[in-house]
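In the text below, chain A, chain B and the rest are named by the order of the sequence lines, each starting its count at 1.
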2 protein chains.
Amino acid sequence: MVKTPENTEEKIIRAARKVFIQKGMDGARMQGIADEAGINKSLLHYYFRSKDKLFSRVFSEAFNDIIEMSDSVFAVAEDIDSLLDEFVKRYIGLLREKPFITNFIIHEINRNPGCLVGQMQNSKLDPSRLMKILADEKNNARIRPVDPYHFIVNMVSLCVFPFLAKPIIQGFLLDGTNISFDEFIEQRPEQIISFVKNALFIKNTD
Amino acid sequence: MVKTPENTEEKIIRAARKVFIQKGMDGARMQGIADEAGINKSLLHYYFRSKDKLFSRVFSEAFNDIIEMSDSVFAVAEDIDSLLDEFVKRYIGLLREKPFITNFIIHEINRNPGCLVGQMQNSKLDPSRLMKILADEKNNARIRPVDPYHFIVNMVSLCVFPFLAKPIIQGFLLDGTNISFDEFIEQRPEQIISFVKNALFIKNTD
DNA sequence: GTCTATAACCGGATAGAC
DNA sequence: GTCTATCCGGTTATAGAC
């Protein structure tokens, strides 16, 4: 992997991402972003006009990652097994790679819920395929009758929440054990998958 | 329930809670809190010296609610059924009553993780009783072998996350259905309990 | 205890030299 | 494109009258 030297714009984006995630839109300082990028504060305005515009840019990029990933999973899933497997592994894979995304979204979900929901509605993201799979499997009597909305929320909750609660899991729950947070997260996909399968399938499948 | 007229300090706390929750520490403005309380901005400083101190006061009170509730559940639980039942119902009950708590904590979890973890460690909160119950039930072969850390995280995730994701659940997932977010949350306890029981128990208990 | 006025500071944004 | 210097609005915090 050859690393081309980062140009200023890239440096700014990377620095902005880091600072905005940690501090949120309101807590972030343009000076802090400039320092992080190792450039002059004025350059931020030269490249992105305003703090708001810089934030929007960074935020939509992050949010888009989530949308595209979810969409790709929903699009290819054939049955509940593959859907669950794909969804959990990809979701957690993405969050491990870019753990900032969760904080980012939750940080801003209250500040500007309308914008976020708008971005979701404008995306092609469509859970109806998942709904259909659940309905089919239920008709085949492979799975217990589950409310599809609660089921989706369950899956997402189990994947996302640990990243949000990282400081508590790390500093309190796992404190004094020999398990690191990274190890915990590494175990998560199989833990979630077996948990959900047991909850879902009428016949034990393990 | 006789309502004694609120004194200024109480008015401030209530207003501060509302504003801090909505905007976070950084986004909140002392003027905004004063307006919300219907008092003069200087009075905030008269009663609480600084924005930081006011915030700390409001935050620890909210956080304490969570700690005490969790603790009381852990303390009384006898077996896994009662623990699950108590935990889910009380947790969601608390969050319905004070939905701001989740946002509050998540909002600040990154801003100051050390402080939050410190507060937890200083509390008497102790999950070891829950660990013991899980181990006992596993020995009795009533439940599948589960990792206790993942199990706790699962329970909390399923309870808390929906409140965090409210705007998305309301504005996207349930959009176009005739289910309101409140109805969704009302269904949650029994949904979670049956989901977790199915995942957990070797014999089907419904 | 409550108010008005103002100090002191900070941070986003711009002007203009290089 | 990049830097220095500066403006200007907004925000916390205090002083002091009532």
S82(B) versus D79(B), side-chain donor and acceptor atoms under 3.5 Å: yes
Non-neighbouring partners of E6(B) that pass salt bridge (charged side-chain N to carboxylate O under 4.0 Å, His left out), sequence neighbours left out: R14(B)
Residues in side chain to side chain contact (heavy atoms under 4.5 Å, CB included) contact with R90(B), at least two apart in sequence or another chain: M69(B), S72(B), V73(B), V76(B), E86(B)
Residues S42(A), N40(A); criterion side-chain hydrogen bond (donor to acceptor under 3.5 Å, both in side chains); working and verdict: CA-CA 5 Å; S42(A) 310; N40(A) 189 285; 3.1 Å; yes
From dT2(D), dT2(C), dT4(D), nucleotide with atom closest to T8(A) side chain: dT2(D)
Pair listing, ring-ring contact (aromatic ring centres under 6.0 Å, His included) test, anchored in residues 149-192 of chain A, at least two apart: H150(A)-F184(B), F184(A)-H150(B)
SB check E9(B) R57(B) (cutoff 4.0 Å): yes
Protein-to-nucleotide contact annotation, 5' to 3' order, nucleotides 6-18 of chain D [B base; S sugar-phosphate only; - none; under 4.0 Å, heavy atom]: -----SBBBB---
Contact list for DNA chain C against residues 56-63 of chain B - heavy-atom distance below 4.0 Å: none
Residues that Q170(B) engages under side chain to side chain donor-acceptor pair (under 3.5 Å), provided they are two or more places apart: none
Test item: E183(A) and L174(A) side chains (from C-beta on) under 4.5 Å apart, heavy atoms: no
Rounded distance (Å) that lies between atom P of dC10(C) and atom CG of D26(A): 18 Å
